[in-house]
Amino acid sequence: MRTHYCGDLTEKHIDKNVKLAGWVHRCRDFGGVIFIDLRDREGIVQVVCHADVKNVVRIAKTLHNEDVIYVEGQVQKRLKERQNPHIKTGTIEIIALNIQILNRSEILPFSLEDYIPVNEELRFYHRYLDLRRPEIFEKVRFRSKLTHAVRAFLDRNGFLDIETPILIRSTPEGARDYLVPSRVYQGKFYALPQSPQLLKQLLMISGVDRYYQLARCFRDEDCRADRQPEFTQIDIEVSFMSEEEIQTLIEKMIRSLFKKLLGVTLNAFPKMTHREAMRRYGSDKPDLRIPLELVEVDDLFEKSSFSVFAEHALNPESRIAALRLPNGCALSRKQLDEYTEFVKIYGAKGLAYIKVNDREKGMEGLQSSLLKFLEPNRVEKLLNRVQAQTGDVIFLIADKAKIASEALGALRIKLGHDCHLAQEGFAPLWVVEFPTFEFVDGRWQSVHHPFTAPKVSLDDLEQAPGQAVSSAFDLVINGIEVGGGSIRIHNVDLQKKIFELLGIHEKAAEAKFGFLLRAMKYGCPPHGGVGFGLDRLAMIMTGAQSIREVLAFPKTATAACPLTEAPSTVDKKQLEELGIKVIKN
RNA sequence: GGAGUGGUAGUUCAGCUGGUUAGAAUACUGGCCUGUCACGUCAGUGGUCACGGGUUCGAGUCCCGUCCACUCCGCCA
């Protein structure tokens, strides 16, 4: 039907007769001469309809945006003053000899012009139109290149692409499962995988040695800008590799992807323990592009007459941390009040601050509601500790450690963006030695998952579960958790012990994870692996503001598909076959 | 489950302290125009102000509720 893509035509094709097909991007009718911008996947080319080619003009007069047409014509070089530097085919144009209308388009619900913003809801309701816009389509095209490059890298490194089932059994812990009812076994349900975690471990026991899969994963939890109910994971598992070896391999992959697809050379990824990340950045996924750091100041408030701070200074469960904002004195009272409101979202009771109007003048040069509670020598120590300079604002939070860290960590990010402090580019890092357990709702829970190998002895684990670091690690880029992994437990006794500590007793463990425990008895190799959010990676690499931009058909924050209107009710008959009765409310 | 922001023409938005006929740009329709490329130009059409209730002489505007979208907290082993 056609000989070229519109966007692929160059000066090499001058004088050639070409056959094109595509969408009418725009028409400019001068009465005598008519210009058509013809668009396809690869770009736009200008078609010129001259008045003396009667058949062509007759049809061109009737064209509307997004009509689908076929054009035969001759490629011609444009005169210098007629060239358009804004499109890649701007030095040539097509002199139309024949035009046919392949299909008409109704008037569009929104403009496809890139300079006109469109409501996201409307875009996704008509996603097929949205994707006609080149800058939108590029993100989906990028994703295609990304998956291809991932597969090529892993294939080169001896990984086998193995598909695992989508209909699996529900396991306890973790996110809420999406359930699929069974017709054959009424009252029983399959679960969609939150990740193929256990299956890939079984593949290691099979001797697969190196496994990967671009795996669809499903989690029935609330969405965020970087979270969808279904997403794709670059799922990897290897046998006989240490944590460091795995990280080295993955780092090599990530660097090759950035090099190949973006032409960006990433430096070696720094490694930071989870403890250090929380201490310095108040987050387990620090954005290193922002040059602000939390500073520990607990000791400065011991025995202080300021009772609120003094109490937290003595409490080992608490934390007092400071954050210095250079030139923060420029902030208005209103802005400071807004930041105080902001930290309350994270449970902080308040936000104290000291304005350093003039560092030379000592206490006289400071402005803060705290000063009346604090001895001058403590204030001086504090200012030295944070290296305060004239014009700075020092923010302080004293609270339970988790709250103080997270609130100040979030404030750090917000200040970084509000004050435009973030550096350009990409800032990757490994966060390592995540805790094995955390104490939530009166019981121990896995921070990563129950199959994560701890880095301490079984004795230490039982003595102080809260202190035990694990082999779990995350890869963070620009403050976004891109992926995580760990060395897995390959000893059945240790695995049983972990289940016990998590309150999953022997009988329950056997019922729910029996297949894993059984498999582990037959020569389970030491193994470990990672799972990477392909969508998040694509989002970071394309600079997209939300994960929805890199999905062809994304869902809304309430997990609905705006285009197909899923989820939907189903026929009574379907429910009867499944033995399901719907109870409203 | 909770907090915040938003919903006005096909689209993107304005609409002040409640006031008489709800505007702009763009799109669309009909003219004019032989070198534009976000063409220009003249004229015209186009509104359940998300939905429901309330206050008021009078509500796009104020109050209450509901729905939808987005951001965040919780949640996401």
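Just so it is clear: chains get the letters A, B, ... in the order the sequence lines come, proteins before strands, and each one is counted from 1.
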Review point. Atom CZ of Arg536(A) and atom P of C76(B): how far apart are they, to the nearest Å?
Key: 14 Å
Practice item. Calculate the interatomic distance between His50(A) atom NE2 and U36(B) atom P; express it in whole Å. Key: 13 Å
Practice item. With a 3.5 angstrom cut-off on both distances, give the Watson-Crick or G-U wobble partner of A3(B), or none if there isn't one. Key: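 Across all strands, the one nucleotide that pairs with A3(B) is U71(B).
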Check your understanding: Should C28(B) form a Watson-Crick or G-U wobble pair with both distances under 3.5 Å, which nucleotide is its partner?
Key -> G44(B)
Exercise for review: Only counting residues at least two apart or in another chain, list the ones meeting side chain to side chain contact (heavy atoms under 4.5 Å, CB included) with Lys77(A).
Suggested key: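 Listed in chain order: Glu11(A), Ile14(A), Gln83(A).
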NA contact type, [X], heavy-atom cut-off 4.0 Å: base, sugar-phosphate, or nothing?
| X | result |
| --- | --- |
| Pro450(A) | base |
| Arg176(A) | nothing |
| Glu121(A) | sugar-phosphate |
| Arg548(A) | sugar-phosphate |
| Ser446(A) | sugar-phosphate |
| Thr558(A) | sugar-phosphate |
| Gln545(A) | nothing |
| His64(A) | sugar-phosphate |

Review point. Per the side chain to side chain contact (heavy atoms under 4.5 Å, CB included) rule, which among Val33(A), Asp29(A), Ile34(A), Asp52(A) passes with Val57(A)?
Key: Ile34(A)
Review point. Taking the six-membered ring for Trp, are Phe451(A) and His449(A) parallel (under 30°), tilted (30 to 60°) or perpendicular (over 60°)?
Key: tilted
hbond_proxy [X] side chain to [N] base (donor-acceptor, 3.5 Å cutoff):
| X | N | value |
| --- | --- | --- |
| Glu113(A) | U26(B) | no |
| Asp222(A) | G74(B) | yes |
| Glu93(A) | G35(B) | yes |

[X] vs [N]: side-chain N/O to OP1/OP2 distance below 4.0 Å:
| X | N | answer |
| --- | --- | --- |
| Arg78(A) | C37(B) | no |
| Arg28(A) | C39(B) | yes |
| Arg219(A) | C75(B) | no |
| Thr556(A) | A69(B) | yes |

Point to revise | Phe110(A) over U11(B), stacked by centroid distance under 5.5 Å, angle under 30° | key: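 Stack criterion not met.
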Exercise for review: With sequence neighbours excluded, give me every salt bridge (charged side-chain N to carboxylate O under 4.0 Å, His left out) pair touching residues 119-128 of chain A.
Suggested key: Glu120(A)-Arg548(A), Arg123(A)-Asp130(A), Arg123(A)-Glu549(A), Arg127(A)-Asp130(A)
Practice item. Measure from the side-chain heavy atoms of Val118(A) and tell me the nearest of U71(B), U12(B), C76(B). Key: U12(B)
**Study point:** First of Leu122(A) and His86(A) reached from the 5' end of RNA chain B, by closest nucleotide
**Key:**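 Nearer the 5' end of the strand: Leu122(A).
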Review point. Of all heavy-atom pairs between Ala509(A) and Phe499(A), which one has the smallest distance, and what is that distance?
Key: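 Closest approach of Ala509(A) to Phe499(A): CB-CD1, 3.8 Å.
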